[in-house]
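The structure appears right after this line, and notes come after that.
FYI, side chains are in, hydrogens and waters are out, and symmetry mates aren't considered; it's all heavy atoms of this structure.
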Amino acid sequence: HPNYVNITHNDFRSVVQSHFDTIKTGLGVQVLKHYQAELAVEPLLAYDELAADVAVTCGNIRLAVGSSRQERRSPVYSVVFSGNLSYPDPDGVINKAFHSLAFRMGTFVYPQLKFYKHNTPEDQAMGELLRDIWQTFATSGRVPGWQTATGHSSHSSCEEDQVECTRADMQNDLNEEDDYVVMNVHNGPGATPKVNFKRDICKFWWDNGFDERFWWSN
């Protein structure tokens, strides 16, 4: 958001406290506490992380986990892309939560952007990994070696006559005793499972009323 690109740390704290305290007294201080690590780097990172958690990440995790618990014939994955360019963005358009970076690295569209003229072997390798993942999932409905959102191997999840493929009603709540898995696609390139990714912060937002009404995907 342009209003937060050059905002100072103190001004960012004031904005967060004044905004969230209108919802509940003291909520602003709690929010700042949860994002103090990001704010220590820079306010823009804290803003992007906060906004992404409320509007995208937490909702996507809940939807993926709820769908995966139904355990139908196709596995359901929860995926986060944490990869980035191997050099500073010459266009100046990539911020801390750049929309569609994975899509652009994987397809090399938008050739007018300068970073396509400077992509390194590392960036090309990331693009190849992303294309392999997308093609494999599109053609087979699964990604070998990946864990589903509920932690099953994609080799064994809901294969006919092997696993019970019917469950009770879809559960959108992330019960503390129920682990879940998010596959992290990262520089290297590679993909590794992250168990209970962002569980605490997502529970914080949910408990404070930031539910499906705030999700982009709803």
Side-chain angles (χ1 to χ4, degrees), residues 30-31 33-35 37-38 45-46 48-84 96-97 99-103 106 129-130 132-134 136-138 140-160 162-218:
Q30 296 179 53
V31 171
K33 181 179 179 181
H34 279 286
Y35 292 92
E38 290 81 4
L45 176 60
D48 280 350
E49 195 78 8
L50 186 162
D53 287 346
V54 171
V56 182
T57 307
C58 294
N60 285 352
I61 291 173
R62 284 183 176 271
L63 290 171
V65 172
S67 298
S68 187
R69 283 178 180 157
Q70 295 184 69
E71 289 299 344
R72 295 181 179 174
R73 299 212 176 275
S74 297
V76 178
Y77 304 105
S78 180
V79 185
V80 61
F81 179 73
S82 63
N84 212 331
K96 306 304 179 194
H99 301 155
S100 74
L101 178 59
F103 175 72
L129 172 65
L130 290 167
D132 286 345
I133 292 170
W134 298 336
T136 300
F137 183 74
S140 68
R142 64 189 66 242
V143 182
W146 277 28
Q147 293 184 42
T148 67
T150 45
H152 294 125
S153 164
S154 58
H155 291 291
S156 62
S157 178
C158 279
E159 290 291 346
E160 208 170 331
Q162 291 183 7
V163 179
E164 178 58 46
C165 288
T166 58
R167 290 286 178 90
D169 294 336
M170 176 177 176
Q171 303 175 46
N172 270 327
D173 57 312
L174 299 182
N175 297 318
E176 292 187 9
E177 66 273 16
D178 295 331
D179 289 336
Y180 62 88
V181 174
V182 174
M183 295 301 300
N184 176 33
V185 180
H186 51 77
N187 286 96
T192 55
K194 296 174 75 76
V195 179
N196 299 330
F197 176 65
K198 286 188 175 285
R199 178 192 286 278
D200 291 342
I201 190 61
C202 289
K203 186 176 186 304
F204 165 77
W205 287 118
W206 184 268
D207 290 347
N208 282 284
F210 289 82
D211 50 26
E212 65 272 11
R213 294 170 296 173
F214 295 85
W215 302 346
W216 282 9
S217 52
N218 197 29

Please check if the side chain of Asp53 supplies one atom and the backbone of Cys58 the other of a donor-acceptor pair under 3.5 Å.
no

How many angstroms lie between CG in Leu129 and NE2 in His186, if you round to the nearest 0.5 Å?
8.5 Å

Drop me the distance from Asn60's CG to Cys202's SG, to the nearest 0.5 angstrom.
10.0 Å

Can any side-chain N or O of Tyr180 pair as donor or acceptor with the backbone N or O of Ala64 at less than 3.5 Å?
no

Is the shortest heavy-atom distance from the side chain of Thr150 to the side chain of Val181 under 4.5 Å?
no

Which residues share a side chain to side chain donor-acceptor pair (under 3.5 Å) with Asp211, sequence neighbours left out:
Arg213

Taken in chain and number order and not counting sequence neighbours, the residues that satisfy salt bridge (charged side-chain N to carboxylate O under 4.0 Å, His left out) with Asp200 are none

With the side chain counted from C-beta on, respond yes when Trp146 and Ile133 share a heavy-atom pair under 4.5 Å apart, and no when they do not.
yes

Side chain to side chain contact (heavy atoms under 4.5 Å, CB included) with Val80: which residues, sequence neighbours excluded?
Val182, Asn184, Phe197

Is there any salt bridge (Lys or Arg N to Asp or Glu O under 4.0 Å) pair reaching into residues 180-193, and which pairs are they, with sequence neighbours excluded?
none

Please report the shortest heavy-atom distance between Ile61 and Ser78, naming the atom on each side.
CG1-OG, 4.0 Å

Parallel, tilted or perpendicular: which one describes the rings of Trp205 and Tyr35, with boundaries at 30° and 60°?
tilted

Residues passing the side chain to side chain contact (heavy atoms under 4.5 Å, CB included) test with Phe204, sequence neighbours excluded, are Leu27, Gln30, Val31, His34, Ile201, Asn208

Using only atom types and a distance under 3.5 Å, with no angle test, would you say the side chain of Tyr77 pairs donor to acceptor with the backbone of Arg142?
no

Could you report the tightest heavy-atom contact between Thr136 and Pro144, atom names first, then the distance?
CG2-CD, 3.6 Å

Side-chain heavy atoms of Asn196 within contact of Asp179, under 4.5 Å:
yes

